[in-house]
Amino acid sequence: LREQGAVSEQDTEERRSAYDVRAAEVAAREASLTASTANIRRLSALQDFRNVTAPFAGVITERNTDTGALITAGNTTPGLFRIASTDTLRIFVNVPQNFVRAIKPGQVARVEVQEYPGRVFTGRVARTAGALDASARTLRTEVRLPNSDGALLAGMYAQVKFTLPSGGPTLLIPASTLVIAGRGPQVAVLEDNRVRFRSIRLGRDLGEEVEVTGGLRGNEQLVSNPSDAVREGTVVEPARKKS
């Protein structure tokens, strides 16, 4: 209308000034709305910190903080909570080196705990460490055990039994006949009433008895509790059992 001369220059300037004022007010309100929206999001994020969500369903077994305690980033506390999922338990077993070749994934394992006498739980080998512990010469083995009824609790001590292939008849000798010397395990064998020391290879340690995997035929006569005074070739008289 100004270009057509229908309104005055003064009226045009007044209308243009009023428009600029309204536009500035709208921009200010939009900026205020944006700031308010950001503040709401910040407060909502702070509210989310009130809830701790676990990555899986389970039972809280340990609580490492108290209500009202200040938790900051980089806190050295070992986690706020410890949660355990007990539907399937993982049992870790250290298998002696003599039997590691017989342990295979998927192998059945029988698990017993003293809290349930007479009850046998059945699990399977899930995996092994793939290397022996250099200090103990054992293989770390993981057994997974279904526990849908929740009878077993995390942290329980259990005895695990594997069914291993038999390598033939087992030769057992009393542990009291062993002589541990610098040349390895030996036994004192009687031959024509003379002592002969013979090196042997040991298998499992069964407490009062030990398994021998090599060095003996099985028909030898062994000396029980040989003292340091017993030497190679010493003549002895075997004790006779009273009838």
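A quick note: this is a predicted structure, and the numbers were derived from the prediction, not measured.
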Expected output: side-chain [X] to main-chain [Y] donor-acceptor under 3.5 Å:
X: Gln107; Y: Phe162; answer: no
X: Ser199; Y: Gln186; answer: no
X: Asn147; Y: Leu152; answer: yes
X: Asp11; Y: Arg15; answer: no
X: Asp149; Y: Ala151; answer: yes
X: Ser17; Y: Glu13; answer: yes
X: Arg194; Y: Gly233; answer: yes
X: Arg124; Y: Gly106; answer: yes

Not counting sequence neighbours, which residues clear side-chain contact (heavy atoms from CB on, under 4.5 Å) with [X]? List them please.
X: Thr138; answer: Asn94, Asp133, Ala136
X: Pro174; answer: Ser176, Thr177
X: Arg63; answer: Thr67, Phe81
X: Thr122; answer: Val108

Nearest 0.5 Å please: distance from the [atom1] atom of [X] over to the [atom2] atom of [Y].
X: Asn64; Y: Arg82; atom1: CG; atom2: CZ; answer: 7.5 Å
X: Leu139; Y: Phe99; atom1: CG; atom2: CZ; answer: 13.0 Å
X: Glu62; Y: Leu80; atom1: CD; atom2: CG; answer: 11.5 Å
X: Lys161; Y: Gln159; atom1: NZ; atom2: CD; answer: 6.5 Å

What closest approach, in Å, do Ile103 and Thr128 show between heavy atoms, and which atom pair accounts for it? CG2-CG2, 4.0 Å
Is [Y] close to [X] at the side-chain level, that is, under 4.5 Å between some pair of heavy atoms?
X: Thr141; Y: Phe92; answer: no
X: Ile173; Y: Leu216; answer: yes
X: Arg198; Y: Arg196; answer: no

For residues 18-28, tabulate all N or O donor-acceptor pairs below 3.5 Å that involve a side-chain atom, not counting sequence neighbours.
none

Criterion side-chain contact (heavy atoms from CB on, under 4.5 Å) on Thr37 and Asn39, from CA distance to verdict: CA-CA 5 Å; Thr37 302; Asn39 191 41; over 6 Å; no
Pairwise salt bridge (charged side-chain N to carboxylate O under 4.0 Å, His left out) hits with a residue in residues 39-49, at least two apart: none
Might you work through the side-chain contact (heavy atoms from CB on, under 4.5 Å) test for Val187 and Phe197, ending with a clear yes or no? CA-CA 6 Å; Val187 291; Phe197 285 94; over 6 Å; no
